[in-house]
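Note that the structure is a prediction, hence the values are computed from the model and not measured. Count residues from 1 along the sequence. Only heavy atoms go into these numbers, but all of them, side chains included; no hydrogens, no water, no symmetry mates.
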Amino acid sequence: AFQGSGQLRLDASREEILLGDVVDRNAVPFELTGGRNAGKTFLWNTTFDYRISSNVQASLQYSGRSEAGARIIHTGRAEVRAFF
């Protein structure tokens, strides 16, 4: 954390879906796997919040996801809030 005006958070996780001897992987319900593909999934998230003044706050967020057999998905978001 920055001296009372900002905060930086970093998160990372790894998930693995093992289907074992399932012949038809398309027959596995979406709810059972949480929408993930079979194999390893890596997730990471970075968030930066900064208070510009007592009434203005800025936020930056970046998320990434790497699933087995798929391209990496990058997502970014920026936001500025003003309080009146």
Problem set entry | Test item: W44 and S66 side chains (from C-beta on) under 4.5 Å apart, heavy atoms |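 Yes; the side chains approach each other to less than 4.5 Å.
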Exercise. Can you list the residues that meet the side chain to side chain contact (heavy atoms under 4.5 Å, CB included) rule with R65, with sequence neighbours excluded?
Worked result: R36, T41, L43, E67, I73
Exercise. What residues, two or more places apart in sequence or in another chain, satisfy side chain to side chain contact (heavy atoms under 4.5 Å, CB included) together with R14?
Worked result: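 R14 satisfies side chain to side chain contact (heavy atoms under 4.5 Å, CB included) with E16, K40, F42 only.
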Problem set entry | For S59, all residues meeting side-chain hydrogen bond (donor to acceptor under 3.5 Å, both in side chains), sequence neighbours excluded |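 Checked S59 against side-chain hydrogen bond (donor to acceptor under 3.5 Å, both in side chains); matches are D49.
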Problem set entry | Which residues share a side-chain hydrogen bond (donor to acceptor under 3.5 Å, both in side chains) with T47, sequence neighbours left out |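 Partners of T47 under the side-chain hydrogen bond (donor to acceptor under 3.5 Å, both in side chains) test: none.
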Problem set entry | Shortest non-hydrogen separation from A68 to G39 and the atoms involved | CB-CA, 3.9 Å
For this session: Please assess Q61 against T46 for the test side chain to side chain contact (heavy atoms under 4.5 Å, CB included), listing each intermediate value before the final yes or no.
Result: CA-CA 6 Å; Q61 181 180 11; T46 303; over 6 Å; no
Going by atom type alone, with no hydrogens or angles, which donor-acceptor pairs under 3.5 Å involve a side-chain atom of residues 74-84 and a protein atom two or more places apart or on another chain?
from: H74; atom 1: ND1; to: Y62; atom 2: OH; distance (Å): 2.6
from: E79; atom 1: OE1; to: R81; atom 2: NE; distance (Å): 3.4
from: E79; atom 1: OE1; to: R81; atom 2: NH2; distance (Å): 3.2

